[in-house]
Amino acid sequence: MTAPQRASPPAPGVSSQRSKTLDLPPVVTVRQLAEALGVSPIDVIKQLMRNGVMATINQAVDFDTAAIVASDFGFEARKKEEPVRNLEQILKQLAPEREDPSLLRARPPVITILGHVDHGKTTLLDAIRQTNVAAQEVGGITQHIGAYQVEYQGKKLTFLDTPGHEAFTAMRARGAQVTDIAVLVVAADDGVMPQTVEALNHARAANVPIVVAINKIDKPGADVERVKRQLAELGLIPEEWGGETIMVPLSAKQRIGINDLLDTLLLVAEMRELKANPDRPAVGVVIEAKVDKSKGPVATVLVQTGTLQVGDNVVVGDTWGRVKALITDTGRRTRKAEPSMPVEVLGLDALPQAGDTLIAVPDEKTAKEVVEARQRQLAAQKALARPLTLEDLTRQIQAGEVKELPLILKCDVQGSVEAVKTALSKVESEKAKITFVHSMAGSITESDVLLALASRAIIIGFNTRVEPGARRLADKEGVQIRTYDIIYTLTEDVRRALVGLTLPEEREVIEGHAQVKAVFPVGKRGKVAGCLVTDGKVVRGAGVRVLRGGKVVFEGQVTSLRRVKEDVREVLQGFECGVGIEGFVDFQEGDILEVFRTERVKPPTP
């Protein structure tokens, strides 16, 4: 965190005299800073806010930030250089035997079920639940905690019940690699659909074994062989055809083939030799978290290694606590949770985020040290996990650091997808090659951004739009989205990147501004803005931002422009016009439309 600008004047009641000195480490949490200053953490948080820094009680701030706050409370801060241990060093001290192979024991596999909507994922999960004899004996699943275990042939399997592949990849993008096996569900009567391809690409990006469940074989029109042919075209070759992908025909509704699927999952797990050490302090990952009115913060945690026990001190993300209770997926309380077991954890001070890591520690002092170490690690991981930009790739290719360019390609129609892939396949370089993480027709969505974040890919759009949510997420996470409407420009940029040449620079040129004077309905749901061009000009097809109160509320494209009932290409300063923006109808009187275009400045020809 960078040092804030000093607030002026100081907070009421805060001394401006510097009569005392205070030794502070390079990184300190808000709680620790408050204790050192002898004030309430709330007072420290308020002072941080006055200096333009938003922080929670458990969040770490750097020395420069802490020094400014300390000075506002009448202290002169001095940096106390301490040997800073990283998270690995702390964990090694907590459990030095964790690398000893003799202590590792077999653990249940963790399985995620993905696939196209309406292909029977939920029905399959329900059928597997009902197959679990142990669950039936205790009255079935009494609550939903996002993950559950079944016992089959004396062995346990853990299933993650995620909302979809977006959540699956969002967790991986945050560094939480929790899945051992992915099950791709495809309906025998429907075949491969767009979301099937998307789910497959997410599973491939996770680099885990994929088992295909061909569901609904009992329905009229079911054609298992057709599904296998479609999947083979996507690179999933069935075992009986000489490939490596196990495909299990089943009917979740009729509960046909469920045992075959479970047998397959046990076989794949056995081949992977999944092991963990149950005799060390627990390490797990948060699957989901919520605030319960009676229980407080509740986190569903999947234990990955070690054994989590009631009474353990734990650190979860940027919070910690003492485990008051552990609740299983059947609603029963348990004293401990072993590797690959999902449990609800009660006793945390605050609500963690999905994907946060849980670590069991011996005491609160160690918990604070782990929180600080995690702050440093997360900052480093975030920097490392930032997807490549074409500019980054150019520099890394020149240095010989990368050998491939991962792309996510979205186009207006499927024909364009094939055309662009064909054009890019002709772009050759001895230094690096192009790989397609995902390619499909349609607009660029948040799911694409999450996949790019997890796989460090660049998103290329051709004649398609970027959804507002995807743009906001990409800006937040640093994912590069490059859109084109000329295929030559697209291929030329990629070619220059692959051979390590300087890319054309892009700069934004403001065309003009217009103020919304009135809003008019068009059709059932559409609206256009009646505007006065205040400076420059408004151009049809140009980019446009909707500004409200000085803030951007939407960014898109001018799709319609009318002047006195006539469609026009541009309207100059001083004239009125009607403006329509693709995907936006929430105009308000007083809004400012900022019209812009992007200009490419070509580098010198090599």
Side-chain angles (χ1 to χ4, degrees), residues 1 22-37 41 44 55-63 66 79-100 103 174-176 276-286 289 296-299 301-326 335-339 341 343 345-353 355-381:
M1 184 177 293
L22 182 68
D23 291 332
L24 293 175
V27 178
V28 61
T29 66
V30 172
R31 187 195 297 268
Q32 291 172 323
L33 180 57
E35 291 173 354
L37 294 171
V44 173
T56 63
I57 189 171
N58 295 319
Q59 189 170 337
V61 296
D62 60 20
F63 172 80
K79 183 178 288 189
K80 180 173 61 176
E81 296 296 340
E82 296 179 341
V84 178
R85 298 189 300 165
N86 61 32
L87 195 56
E88 288 296 321
Q89 292 171 325
I90 297 172
L91 291 178
K92 197 166 187 177
Q93 182 181 1
L94 293 174
E97 79 281 6
R98 66 189 178 92
E99 300 295 341
D100 188 347
L103 298 173
R174 301 193 69 240
N277 177 12
D279 299 321
R280 55 155 292 174
V283 175
V285 63
V286 176
V298 178
V301 174
L302 177 70
V303 179
Q304 295 177 298
T305 188
T307 299
L308 183 63
Q309 302 185 57
V310 173
D312 281 352
N313 292 290
V314 295
V315 174
V316 189
D318 61 358
T319 187
W320 63 79
R322 185 179 179 88
V323 178
K324 295 179 180 178
L326 297 172
R335 298 292 303 176
K336 63 181 182 179
E338 296 182 336
M341 181 175 176
V343 286
V345 177
L346 279 63
L348 300 178
D349 286 345
L351 194 68
Q353 297 184 47
D356 279 347
T357 303
L358 173 145
I359 302 175
V361 296
D363 49 46
E364 187 173 316
K365 180 181 178 182
T366 308
K368 293 178 180 179
E369 187 178 13
V370 173
V371 167
E372 294 173 7
R374 177 164 294 149
Q375 292 281 349
R376 295 190 296 270
Q377 186 190 59
L378 289 176
Q381 285 179 346

Step by step, would you call Q309 with V323 a side-chain contact (heavy atoms from CB on, under 4.5 Å)? CA-CA 7 Å; Q309 302 185 57; V323 178; over 6 Å; no

Could you walk me through whether L308 and L358 pass the side-chain contact (heavy atoms from CB on, under 4.5 Å) test, one step at a time? CA-CA 10 Å; L308 183 63; L358 173 145; 4.1 Å; yes

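With sequence neighbours excluded, the residues that form a side-chain contact (heavy atoms from CB on, under 4.5 Å) with N313 are R322, V361. Every residue meeting the side-chain contact (heavy atoms from CB on, under 4.5 Å) condition with V310, not counting sequence neighbours, appears here in chain and number order: L326, R335. Partners of E338 by side-chain contact (heavy atoms from CB on, under 4.5 Å), not counting sequence neighbours, listed by chain and number: T307, K336.
No donor-acceptor distance shorter than 3.5 angstrom exists from the side chain of D312 to the backbone of V314, with no hydrogens or angles considered.
Each of N277, V303, T357 was evaluated against V283; a single residue qualifies, T357, per the side chain to side chain contact (heavy atoms under 4.5 Å, CB included) test.
Taken from CH2 in W320 to CG in D349, the straight-line distance is 7.0 Å, to the nearest 0.5 Å. Interatomic distance, T305 OG1 to I359 CD1, rounded to the nearest 0.5 Å: 11.5 Å.
Taking both residues in full, the closest heavy atoms of P281 and A360 are given as CB-O, 3.6 Å, listed atom of the first, atom of the second, then distance. In plain terms, the two heavy atoms of A350 and P297 that are nearest each other are O-CB, 3.7 Å. Here the closest non-hydrogen pair linking Q304 and A276 is O-CB, 3.6 Å. Across all non-hydrogen atoms, the minimal contact from A289 to P352 is CB-O, 3.5 Å.
Residues Q353 and V286 form no side-chain contact, since every pair of their non-hydrogen atoms from C-beta on lies 4.5 Å or further apart.
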